[in-house]
2 protein chains.
Amino acid sequence: MGLSRERIVGAAIELLDTDGERGLTFRALAARLKTGAGAIYWHVTNKDELLIAATEAILTGAARPRAGTPEDTLRAIALGVFDAVDEHPWVGTQLTRMQAQPALLRLSESIGRQVQLLGVPSAAGFDAATALLNYVLGVAGQNAALAGSIEPGTIRGEVLGTMAAEWEALDPEEFPYLRSVAPQLRDHDDRDQFLAGVDLVLAGMATLRGVPADPPRRARPDVPSGHGPSQ
Amino acid sequence: MGLSRERIVGAAIELLDTDGERGLTFRALAARLKTGAGAIYWHVTNKDELLIAATEAILTGAARPRAGTPEDTLRAIALGVFDAVDEHPWVGTQLTRMQAQPALLRLSESIGRQVQLLGVPSAAGFDAATALLNYVLGVAGQNAALAGSIEPGTIRGEVLGTMAAEWEALDPEEFPYLRSVAPQLRDHDDRDQFLAGVDLVLAGMATLRGVPADPPRRARPDVPSGHGPSQ
DNA sequence: ACATCTCTGGAACGCCGTTCCATCCTGGGG
DNA sequence: CCCCAGGATGGAACGGCGTTCCAGAGATGT
């Protein structure tokens with residue numbers, strides 16, 4: 001059983017998923033592949049390239065345009081990234097840390113094209129597409145940071161409960177708002193909230209075309225949905 | 001001249017600004033402060049705490065609410081973060097990597113409060129405030145990633161020119177959109193584009209209140225402006 | 001059979017964050 | 001005035017990291 005780039009990337013993904021970003025080490029990788037660290041460098045030039053390849057493997061196809069209105073396609077694209085990051089938090093870190101990543105280019109292309117189809121004037125269209133991209137990347141980064149700060153195996157609701165408790169314990173003088181929304185934080189749904197943000201940006205785009213914006217919907221759209229188009 | 005937490009944080013900021021995130025090392029810090037690495041640990045418990053303290057030092061006051069309409073205040077808050085990250089790119093990395101950061105809490109509070117003042121209904125208000133925060137953080141992270149990938153000293157326009165050339169050299173089949181907007185990328189203004197994104201989100205929020213949204217403005221608002229409230 | 005070339009894996013290098021500890025300095029009690 | 005406890009210092013050392021180096025194993029073509 002020889003080494004190969006695919007085997008290496010696969011093992012790297014397993015390591016990243018189970019042990020987090022700090023778990024990916026050339027030594028750990030070599031141990032898992034029953035080889036030496038040096039051998040890996042024959043197939044992969046360095047750790048950054050390995051991380052990019054792993055991100056690529058997860059995100060391939062997550063940004064594929066589908067039939068439907070541009071709005072629905074944009075929601076589907078954004079959800080694809082969200083679900084991939086949800087399942088593999090390290091992808092969020094990667095997306096927000098390295099530019100010149102093929103996956104990022106494809107994502108920009110998909111979003112930009114749909115925004116064009118939306119009928120946003122060209123000049124504002126670039127800004128609008130960039131804004132949506134940055135929102136998606138922001139959520140991805142925050143989710144990754146959150147996942148990285150908790151030990152793997154923690155229940156999601158538990159984390160939110162802890163955080164909500166912290167918000168409620170803040171100084172009432174300085175943080176009245178955060179205290180007031182702590183209950184909403186406790187039982188919100190990350191995915192729904194993400195979608196609400198996408199709809200918010202889409203509603204903003206609608207005003208750019210002079211269209212009387214119907215208020216963005218809160219319910220999740222009829223999109224492939226069911227968490228996780230990735231891998 | 002004894003050590004002190006302030007002297008250490010100050011030297012850390014200098015190191016981060018001049019040599020980037022990889023330039024902050026306890027050894028380099030010790031050399032600059034003419035002491036040993038061990039002495040630093042008497043005043044600072046570890047590197048994460050040092051990074052948080054440095055971020056705090058830069059961002060203090062950048063999220064301070066001002067008089068004016070909630071929209072203008074939100075623009076001012078967002079610009080404060082943008083300018084701080086523009087001047088100290090490592091702040092962007094920090095903001096998107098570590099949760100439980102005091103600066104992040106303050107930013108959330110400031111944004112959330114203004115969104116409440118905007119009259120967005122409470123349920124949607126939390127989502128809307130989170131969306132704006134995530135957009136700001138997304139831009140911050142991208143700016144940091146971009147700054148980290150280029151050697152310090154490079155001219156900004158030069159970087160954009162190089163990136164635009166890369167976009168123009170992409171496969172016409174796969175990336176028609178990116179190729180078409182490459183000229184806009186070349187001579188856009190990051191700050192203006194950031195503001196356009198903020199306005200886009202604000203326009204979306206306006207639809208949540210059922211207000212007939214006037215199209216978001218493109219020109220920069222009358223905000224302290226002049227790059228950099230930070231430090 | 002041999003020479004060649006791909007591929008392997010373990011040792012070694014330099015750097016990192018962090019810990020340990022001998023030592024220095026200073027100020028308050030005898 | 002001495003002394004000494006404890007805060008503060010700084011250099012050495014530890015374990016781990018990414019990466020490089022290189023001796024050699026295995027296949028391949030002649």
Side-chain angles (χ1 to χ4, degrees), chain A residues 1-56 90 93-94 97-101 144-145 148-149 151-152, chain B residues 1-56 90 93-94 97-101 144-145 148-149 151-152:
Chain A
M1 176 77 57
L3 277 181
S4 74
R5 196 181 156 91
E6 296 79 52
R7 280 225 308 147
I8 293 172
V9 171
I13 290 175
E14 287 176 26
L15 238 28
L16 286 164
D17 283 345
T18 61
D19 301 338
E21 338 199 11
R22 297 168 40 81
L24 177 59
T25 285
F26 273 83
R27 282 166 176 80
L29 207 48
R32 177 173 284 245
L33 294 168
K34 296 198 199 314
T35 181
I40 298 176
Y41 279 86
W42 184 261
H43 303 272
V44 156
T45 69
N46 57 34
K47 193 175 182 179
D48 280 352
E49 203 218 35
L50 178 57
L51 279 168
I52 290 179
T55 305
E56 202 65 10
W90 50 272
T93 310
Q94 192 57 20
R97 214 175 250 318
M98 311 253 286
Q99 79 313 344
Q101 195 145 219
S149 70
E151 54 261 51
Chain B
M1 178 75 57
L3 278 181
S4 73
R5 197 180 155 90
E6 297 78 52
R7 279 225 310 147
I8 292 172
V9 171
I13 291 175
E14 287 177 26
L15 238 28
L16 286 164
D17 283 345
T18 60
D19 301 339
E21 336 200 12
R22 297 167 38 81
L24 177 58
T25 286
F26 273 84
R27 283 166 176 77
L29 207 45
R32 177 173 285 246
L33 293 168
K34 297 197 197 313
T35 180
I40 299 176
Y41 279 86
W42 185 261
H43 303 272
V44 157
T45 69
N46 57 32
K47 194 175 181 176
D48 280 352
E49 203 217 35
L50 179 56
L51 278 168
I52 289 179
T55 304
E56 203 65 9
W90 50 272
T93 309
Q94 191 57 20
R97 211 175 253 316
M98 313 253 285
Q99 78 314 345
Q101 194 144 221
S149 70
E151 55 261 51

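Owing to the predicted nature of the structure, the values given are computational and were not obtained by experimental measurement. Lettering of chains follows the sequences in order, A, B, ..., and the numbering in each one begins at 1.
- Nucleic acid contact class of L24(A) (heavy atoms, under 4.0 Å, all strands): sugar-phosphate only.
- DNA chain C is contacted by both K47(B) and A39(B); K47(B) maps to the nucleotide lying nearer its 5′ end (nearest heavy atom per residue).
- Among all heavy-atom pairs drawn from G23(A) and A28(A), the shortest one is O-CB, 4.0 Å.
- As rounded to whole Å, 17 Å separates atom P of dC17(D) from atom CG of N46(A).
- Scanning both residues, D17(B) and W90(B), for their nearest heavy atoms gives OD1-NE1, 2.7 Å.
- Atom pair K34(B):NZ and dG11(D):P shows a separation of 12 Å (rounding to whole Å applied).
- When the side-chain nitrogen and oxygen atoms of W42(B) are compared with OP1 and OP2 of dA8(D), one or more of them lie within a distance under 4.0 Å.
- With contacts defined as side-chain heavy-atom distances shorter than 4.5 Å, the pair L29(A)/L50(A) qualifies.
- Contact of the L51(A) side chain with the E21(A) side chain is not registered, since no non-hydrogen atoms from C-beta on lie closer than 4.5 Å.
- Contact annotation: the side chain of L24(B) never approaches that of D19(B) to less than 4.5 Å [non-hydrogen atoms, C-beta and beyond].
- For the pair A28(A) and G38(B), both in contact range of DNA chain D, the more 5′-proximal nearest nucleotide belongs to G38(B).
- As a whole-Å value, the separation of F26(A) CZ from dT19(D) C1' is 8 Å.
- When rounded to the nearest whole Å, the span between CD1 of I40(B) and C1' of dA8(D) equals 13 Å.
- Heavy atoms of L3(B) sit under 4.0 angstrom from primed sugar atoms or phosphate atoms, though from no base atom.
- Spacing between atom CZ of R27(A) and atom C1' of dG15(D) amounts to 10 Å, rounded to whole angstrom units.
- Put simply, chain B comes within 4.0 Å of DNA chain C, heavy atom to any atom, from dC16(C) to dC20(C), going 5' to 3'.
- At least one donor-acceptor pair closer than 3.5 Å links the side chain of S4(B) to the backbone N or O of R7(B).
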